[in-house]
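Written out below as structure tokens is the structure these notes cover.
Since we're looking at a predicted model, the values are computed, not measured. Numbers restart at 1 for each chain; the letters A, B, ... are given by sequence-line order, proteins then strands.
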Amino acid sequence: MSDAPALRRRFTAGLALAVAAGLGGSWAAMRGEWVNQRDDLALRRGAVTAMALDQLVGRAGGTGEPLRAALAAWQAEQPAGTEARVVRLSGARLEASTAKVDVGDQAAPRRLARSSPEDKVLYDRGQRLRGAVEGNREGGAVKPEVEVERLAGGRMRLAGPLEEDGAVVGLVQVDLAPAPARRPPAPWPMLAVAGGLLVLFWFLAPRLGGRAWAHGLLAGALFLGGLLALGAHDIRRLERDHREAQRELSDHAREVRAGTAKLLAARGLAAAPALDAGRWDVDRMRRPRGLLDERGELDLARAEAEVRKARGDAVGAVVAAALLGLLGLALVGSGLLWRFGRALVVHRQAYRYIAPAMLGTLVLVFFPFIYGIALSFTSSNIYNTSAPLPELWVGLRNYWTILSDFGIARRGADGALIWNYLNFYWTFLFTVIWTVTNVTFGVTFGLLLALVLNTRGLAFRPVYRVLLILPWAMPNYITALIWKGMFHRQFGVVNQVLAMVGIEPISWFDTPFTSFLTAFATNAWLSFPFMMVVSLGALQSIPADLYEAARVDGATRWQQFTAITLPSLKPALVPAVILSVVWTFNMFNIIFLVTGGEPNGATEILITQAYKFAFQKYQYGYAAAYATIIFGILLVYGNVQNRVTRATEGV
Amino acid sequence: MAGAREEKVPHGLLHAFLALVVLYTVYPVLWVITIAFSGKQSLAIADLPAEPGFLDRLRAVTPWPAQWSVANFVSVFGDQPFARWVLNSLVVAVATTLVGVFLSCTAAYAFSRFKFPGRRAGMMAFLVSQMFPGVLTLIPLYIIIVQWLGLGSTRLGLIIVYATTSIPFSVWMLKGYFDTIPRELEEAAIIEGAGPGMIFWRIVLPLALPAIAITALFSFMTAWNEFILAATFMDQEEMYTAPVALRFFVGGFQQQWGYFAAGSIVVSIPVVVLFLYLQKYLVSGLTAGSVKG
Amino acid sequence: MRKLTLLVLTAALALPGLAAAQGARLVVWHAYRGGEKLAFEKVIASYNARPTTKVKVDPLAVPFDAFADKVSAAVPRGKGPDVFIYAQDRMGGWIEAGHTVEPIDFFVDDALKKRYIPTTIEALTYRGSLWGLPLDFKVITLIYNKKLLANPPRTTAELVKVGQGLTNKAAGKFGLAWAYNDFYYVASLLNGNGGAVFGPGTRPTLNAPANVKGMQQLQAWNRAGFMPAEPSVALITSLFNEGKAAMVFSGPWFLGEIAPGLDYGLAPLPAISEAGGQPMRPWMTVEGVFIAAPSKQKEAAFEFVKYLTGVESARVLALEGRFTPAVKAVYDDPAVARDAQISAFKKQVEVAVPMPNVPEMTMVWSPATTALNKINSGASPRDALDVAQRAVEKDVAGLRKGK
């Protein structure tokens with residue numbers, strides 16, 4: 001391993017990987033930031049134009065000739081390629097338009113044509129904005145009040161609601177000419193640095209002799225140095241451009257404000273209240289961003305805060321790139337990757353045997369799984385499903401909300417304990433009890449039956465076996481409901497039987513304990529046949545001569561059971577037990593169908609609770625956090641169980 | 001074997017115990033049969049007189065229809081292509097079983113017999129795959145199978161999902177069982193010049209038949225009773241499976257339990273038949289002879 | 001060889017069924033079965049046979065249990081149908097999730113809107129836009145055994161009196177059997193007292209005084225003792241069929257369960273004496289015909305939707321499929337007008353209230369049911385509804401926390 005030329009080759013490869021991942025990644029991230037910034041600027045400029053027009057349209061009365069004249073005057077001041085349309089929802093009318101297509105018999109004013117898909121889009125957008133504004137007034141801003149559509153050729157279309165007396169009556173839509181293109185940062189400096197680093201390393205490496213750590217140190221230092229220099233340069237540039245963008249926006253807002261004021265004066269429209277440019281620079285929910293004051297001047301503190309945030313993002317990207325690069329370097333440099341590759345080749349037969357089974361599992365299970373985990377860090381819900389996940393990022397909030405609530409019970413007015421069955425820890429406790437009781441019963445009972453059915457010479461064994469697997473064979477949807485019916489207070493057979501022996505009828509679903517019993521009886525019924533079959537199969541693996549030997553030694557039946565049967569069953573039984581714990585923990589159907597959580601959610605298990613959050617309360621992010629916690633609990637269990645099993649194996 | 005007779009539990013006691021258990025197992029099933037043959041649609045309700053006596057109550061808890069009728073069965077098969085849907089289920093379930101058992105056998109054999117990096121992680125991965133709650137994964141599965149793989153409305157799409165669902169258990173089960181098969185047999189075969197494929201097919205598999213029977217039954221059941229994915233992936237009525245057919249009887253306002261029960265009985269028959277066939281591997285007696293080769 | 005077999009097998013399994021894509025056709029998903037399905041398919045056949053029909057229609061029945069999930073999975077990804085039929089209670093959720101339901105009020109003029117019973121249009125209106133055309137409605141009404149009761153009660157005062165007269169607990173006989181442990185049914189009392197579940201928009205109003213009043217009335221009925229305990233569907237059916245319940249509050253789905261030969265009649269739910277003779281107002285469920293947002297043939301789809309919800313189809317659906325159509329003109333048809341059942345539901349629907357179609361409605365069921373259970377076992381309606389109100393408020397606010 002300490003062969004100098006080999007080290008040189010290996011670490012050069014590692015550095016190449018690090019440089020590609022780190023420098024390349026950092027550059028790509030910076031370029032992305034840069035593009036976003038330009039994009040954001042274009043969008044905000046557009047929003048200022050659109051919101052100002054919205055205000056102009058409102059002051060022009062929003063309808064009739066005065067509006068059309070005002071819009072025509074507005075159009076005269078706009079750069080080529082800009083056009084606007086005003087739609088009123090009542091009567092589906094195109095009130096005014098400066099669009100090139102709206103001429104001749106298409107000229108405003110006209111009714112939007114039912115046969116025209118384009119007109120339908122326009123009208124539906126107006127309805128959607130109205131719905132969004134009304135919905136947002138009910139609390140929280142959940143739906144966009146400004147719609148943005150990218151058109152071909154870099155053009156952009158913005159639409160905002162037209163309001164009269166607080167009610168949305170239509171929409172104002174502006175198509176904007178593309179912003180002047182700017183050349184994005186070129187990759188050349190980055191490539192030059194990358195090449196330089198590699199060459200430098202290649203020539204310096206021979207002086208390090210056969211010391212791996214020295215190679216690593218040099219490669220790491222070169223990489224970090226290069227990355228830091230490039231990163232610092234890029235971040236400075238990003239800041240400079242950001243400030244410039246803010247100035248451009250402010251200039252634009254002041255220009256628009258002056259232009260609009262001039263138009264208002266020229267058309268004899270109300271000049272008061274004074275135009276407020278600060279309310280034109282808005283986000284998608286039409287909330288002012290606070291960067292501009294009413295005259296369109298920059299709020300310096302706010303501007304600096306925006307720059308700081310952009311810088312923070314950029315620094316984060318550089319750090320991530322550095323880590324990624326160092327990881328690559330470490331992987332290749334330490335020879336881990338190489339060993340990994342060799343392992344693949346050496347053990348290719350084993351991997352070939354496993355690959356097909358593993359592949360399906362990886363694709364079908366881990367994709368939903370990673371998506372679920374990502375979702376759990378967001379505030380995703382039914383109102384914002386269309387927003388990209390990063391916009392909804394809330395970090396650990398969902399987990400905190402779930403796990404920090406210890407209010408399992410409180411004292412009522414009369415001092416009695418009142419349980420809060422919806423609390424996570426109650427549900428968790430119940431789920432654990434549910435799982436332990438069910439699996440214990442299932443395994444014991446299944447094994448017992450298997451032993452009985454394995455008795456030599458017992459008559460009717462085939463008949464028993466078939467009758468005993470019936471619960472497994474029958475669709476459990478109906479059998480679960482039959483079980484539920486059996487526990488009906490007045491007409492259920494369980495209470496009838498109790499009455500026959502003189503016991504008062506029980507309201508099974510009224511207390512947590514009895515309600516649990518109903519689900520337990522059902523699930524036990526459903527699950528023991530599986531355990532019985534597994535045990536039957538496992539019993540076949542025990543060589544008979546073991547028993548013979550034991551008997552020769554005079555072992556009792558119980559001793560034979562504990563010394564031979566149980567240990568021999570373990571390899572086949574342990575997986576079944578582990579998996580049944582996992583399945584029972586997430587046994588959705590039985591709880592959902594039999595108790596439905598009654599009374600008051602006391603018999604919910606974690607999975608039914610997660611389901612309710614997702615499909616009844618539509619809090620997808622929260623439900624995903626719940627699901628991830630379930631997963632975490634089971635993962636811990638799996639590890640512990642594995643360790644315990646291995647430990648006993650060693651004995 | 002001779003010694004076993006000496007301290008045998010009396011068979012009478014065993015029969016009594018089994019009879020009790022059978023009562024517990026069969027009782028709800030008898031209600032399903034009662035509803036199916038009642039000719040009516042509602043879940044059975046005990047019909048009690050004003051002051052029910054012991055016998056009235058006994059009658060109420062006895063699953064026996066007031067009158068027998070096969071009308072529900074006739075409707076189930078007559079009003080919809082139920083037979084076709086059962087056939088679809090059979091195709092899907094049998095294919096799932098074949099694919100699932102084959103892939104699990106190879107994987108489990110590798111886990112049991114080969115030492116390679118990632119062995120433990122691989123086993124753990126199969127276990128972990130069972131831990132993420134399944135009810136929340138409908139849409140991701142839809143995206144993979146229908147949108148990405150374009151396997152909507154095909155049996156293959158369902159088979160892939162079902163086989164993948166059943167594989168983790170099968171691998172664990174088979175690996176555990178393979179571990180109990182003495183390596184000396186294989187070592188002897190190697191000395192006699194057998195290749196790894198030969199060893200796997202001729203020596204290990206025959207010895208693992210009980211475990212394979214269990215995994216086969218398990219894989220079959222996984223595919224046989226699944227409803228929501230089948231209903232979601234299939235866009236043609238003739239491609240539906242039997243569980244989908246059953247759910248047609250559960251409407252938003254009204255549930256036709258008579259049809260549902262009749263259909264359930266039909267649907268459980270293939271499972272019982274399969275079990276009857278497989279059970280010989282579960283009861284071949286203690287395998288002393290076979291292990292010795 | 002084995003590989004080849006595997007390949008052929010794979011190909012065969014991957015092959016979709018035969019009826020796949022035969023040129024442009026409209027695909028319609030529905031959840032009907034039995035008689036409803038036959039009538040529905042007959043309407044589609046006659047639509048396809050029309051000479052003016054440009055794009056023919058293929059129906060696909062999907063089990064009710066899987067329907068909503070299937071729509072949510074398939075439609076936003078452009079893999080779904082062109083048209084689907086479902087009750088309005090999931091509509092708001094699909095609209096908010098986006099890319100599922102196409103708004104249609106751009107297509108609909110006032111004349112078309114006036115074709116339907118106004119409340120059915122209201123049921124399919126969300127945030128001021130119309131999202132589908134109504135096909136039929138479901139509503140509960142009073143069903144009574146004519147042998148036990150000649151004239152059904154017109155007011156709740158009469159109901160209690162008549163009910164008590166017909167009750168003989170020792171003989172297991174009851175005046176009225178209905179699912180008063182199911183909030184869907186009980187809402188008729190709350191609505192009749194002027195209550196509602198949501199105020200303007202999505203503000204929960206479970207503990208509004210009118211709702212408390214409705215629940216107090218339910219408790220009074222409980223005390224009057226003319227209803228069986230723990231009324232499950234199976235119990236109500238069996239009591240009515242055995243002549244042990246004179247009256248039932250239930251919907252059209254119940255009629256199929258009534259034993260053949262039992263002479264029964266339908267009448268509107270009684271007016272609430274305690275609320276100044278206001279009628280009980282049951283919730284109505286409206287089956288809307290929706291156009292899928294990603295459909296590429298929206299205009300053809302709308303043509304079909306118009307036809308399906310028109311009077312010509314309604315006649316077939318009503319008489320052969322036992323639908324209760326939303327289109328008004330069908331009730332002028334002599335054959336339909338003669339049909340006592342359909343006319344009775346039409347009469348009841350005039351005072352019915354559309355069940356809320358906002359997504360927040362799913363958050364109501366569980367707390368409301370808990371409250372209802374407590375009230376039925378004698379707890380104070382005020383307190384029980386206060387608790388439910390707080391739970392719903394919390395969940396509704398949970399959706400609006402934003403980032």
- Task: Check whether any side-chain heavy atom of B/T106 lies under 4.5 Å from a side-chain heavy atom of A/I354, and answer yes or no.
- Result: no
The interface call for B/I160 against chain A, heavy-atom contacts under 4.5 Å, is both
When the 4.5 angstrom heavy-atom criterion is applied to B/Y27 and chain A, the contacting part is side chain
Heavy atoms of A/M532 and A/I469 approach each other most closely as CE-CG2, 3.9 Å
> Hey, are the side chains of B/S89 and B/P243 touching, using non-hydrogen atoms and a 4.5 Å cut-off?
Replying inline: yes
Under 4.5 Å to a heavy atom of chain B? For A/W525 that would be both
Bottom line for B/T180: the part with an atom under 4.5 Å from chain A's heavy atoms is side chain
Scanning both residues in full, the closest heavy-atom pair of A/I578 with A/Y637 reads CA-OH, 3.7 Å
Applying a strict 4.5 Å limit to non-hydrogen atoms, the region of A/V534 in contact with chain B is both
In terms of heavy-atom pairs under 4.5 Å with chain A, the winner among B/Q130, B/R113, B/M131, B/R247 is B/M131
### Query
Do the non-hydrogen side-chain atoms of A/I542 and A/Y547 ever get within less than 4.5 Å of each other?
yes
Ranked by heavy-atom pairs below 4.5 Å to chain B, first place among A/L536, A/V574, A/L468 goes to A/L468
Honestly, the part of B/L246 sitting under 4.5 Å from a heavy atom of chain A is side chain
Bottom line for A/L448: the part with an atom under 4.5 Å from chain B's heavy atoms is side chain
Taking CZ in B/F17 as the centre, count heavy atoms belonging to other residues, nucleotides or ligands within less than 6.0 Å. Is the count above 12? yes
Most heavy-atom pairs under 4.5 Å with chain B, out of A/L449, A/L579, A/I633, A/L362, belong to A/L579
Below 30° counts as parallel, above 60° as perpendicular, anything between as tilted: where do the rings of A/Y353 and B/Y109 land?
tilted
Whatever's closer than 4.5 Å to a heavy atom in chain B on A/A524 counts as both
Looking only at B/M123, B/M221, B/R119, B/K115, most heavy-atom pairs under 4.5 Å shared with chain A are made by B/M221
Most contact-rich option vs chain B, by heavy-atom pairs under 4.5 angstrom, among A/A624, A/A623, A/P575, is A/P575
Report yes if the side chains of B/V271 and A/M474 come closer than 4.5 Å at any heavy-atom pair, otherwise no.
no
Next on the checklist: Would the distance check show the side chain of A/Q609 and the main-chain N or O of A/Y611 forming a donor-acceptor pair, the cut-off being under 3.5 Å?
Outcome noted: no
Checklist entry - Using 30° and 60° as the class limits, which term best fits the ring planes of A/F487 and A/W483: parallel, tilted or perpendicular? => result parallel
Interface check, chain A: of B/L217, B/I181, B/L276, B/V171, most non-hydrogen pairs under 4.5 Å belong to B/L217
Applying a strict 4.5 Å limit to non-hydrogen atoms, the region of B/L278 in contact with chain A is neither
Okay, A/Y351 and chain B: the region with an atom under 4.5 Å from a heavy atom over there is side chain
CG of B/L174 to CD1 of B/I212, rounded to nearest 0.5 Å, is 6.0 Å
Pair count under 4.5 Å, heavy atoms only, with chain A: among B/Y24, B/F260, B/F114, highest is B/Y24
The interface call for A/F585 against chain B, heavy-atom contacts under 4.5 Å, is neither
If one checks every heavy atom of B/F227 against chain A at 4.5 Å, the contacting part turns out to be neither
| field | Validation row: A/L451, A/T565 side chains within 4.5 angstrom (heavy atoms) | value | yes
Cut-off 4.5 Å, heavy atoms of chain B, and the answer for A/A614 is side chain
Honestly, the part of B/R120 sitting under 4.5 Å from a heavy atom of chain A is side chain
When the 4.5 angstrom heavy-atom criterion is applied to A/L546 and chain B, the contacting part is neither
* Asked: Under 6.0 Å between ring centres, would you say that holds for B/F178 and B/F111?
  -> no
If one checks every heavy atom of B/A125 against chain A at 4.5 Å, the contacting part turns out to be both
Verify the ring-centre separation between B/W172 and B/Y177: is it less than 6.0 angstrom?
no
Max heavy-atom pairs within cutoff under 4.5 Å with chain A, candidates B/V250, B/I139, B/T215, goes to B/V250
Is A/F530 close to B/F218 at the side-chain level, that is, under 4.5 Å between some pair of heavy atoms? yes
- Task: Taking the side chain as every heavy atom from C-beta outward, state whether A/L458 and B/H15 have any pair of such atoms under 4.5 Å apart.
- Result: yes
Check: Side chain of B/S112, backbone of B/A108: donor and acceptor closer than 3.5 Å?
Finding: no
Checked A/F367, A/Y477, A/Y371 vs chain B; the most non-hydrogen pairs under 4.5 Å come from A/Y477
Under 4.5 Å to a heavy atom of chain A? For B/A261 that would be both
Cut-off 4.5 Å, heavy atoms of chain A, and the answer for B/V161 is both
When the 4.5 angstrom heavy-atom criterion is applied to B/F275 and chain A, the contacting part is side chain
If one checks every heavy atom of A/F369 against chain B at 4.5 Å, the contacting part turns out to be both
In terms of heavy-atom pairs under 4.5 Å with chain A, the winner among B/L103, B/T25, B/L127 is B/T25
Max heavy-atom pairs within cutoff under 4.5 Å with chain B, candidates A/A610, A/A343, A/A576, A/A499, goes to A/A499
From the list A/A350, A/P356, A/G372, A/G360, the residue making the most non-hydrogen contacts under 4.5 Å with chain B is A/A350
Is B/I167 close to B/T164 at the side-chain level, that is, under 4.5 Å between some pair of heavy atoms? no
Bottom line for B/M124: the part with an atom under 4.5 Å from chain A's heavy atoms is side chain
So, the part of A/A355 with a heavy atom under 4.5 Å from chain B: the answer is neither
Under 4.5 Å to a heavy atom of chain B? For A/P529 that would be neither
So, the part of A/W583 with a heavy atom under 4.5 Å from chain B: the answer is side chain
Whatever's closer than 4.5 Å to a heavy atom in chain B on A/V363 counts as both
When the 4.5 angstrom heavy-atom criterion is applied to A/Y626 and chain B, the contacting part is neither
Scanning both residues in full, the closest heavy-atom pair of A/L573 with A/S535 reads CD1-OG, 3.8 Å
Between B/P63 and B/L30, the two heavy atoms sitting closest are CG-CB, 3.6 Å
What one should report as the nearest heavy-atom pair of A/P368 and B/I144 is CD-CD1, 4.3 Å
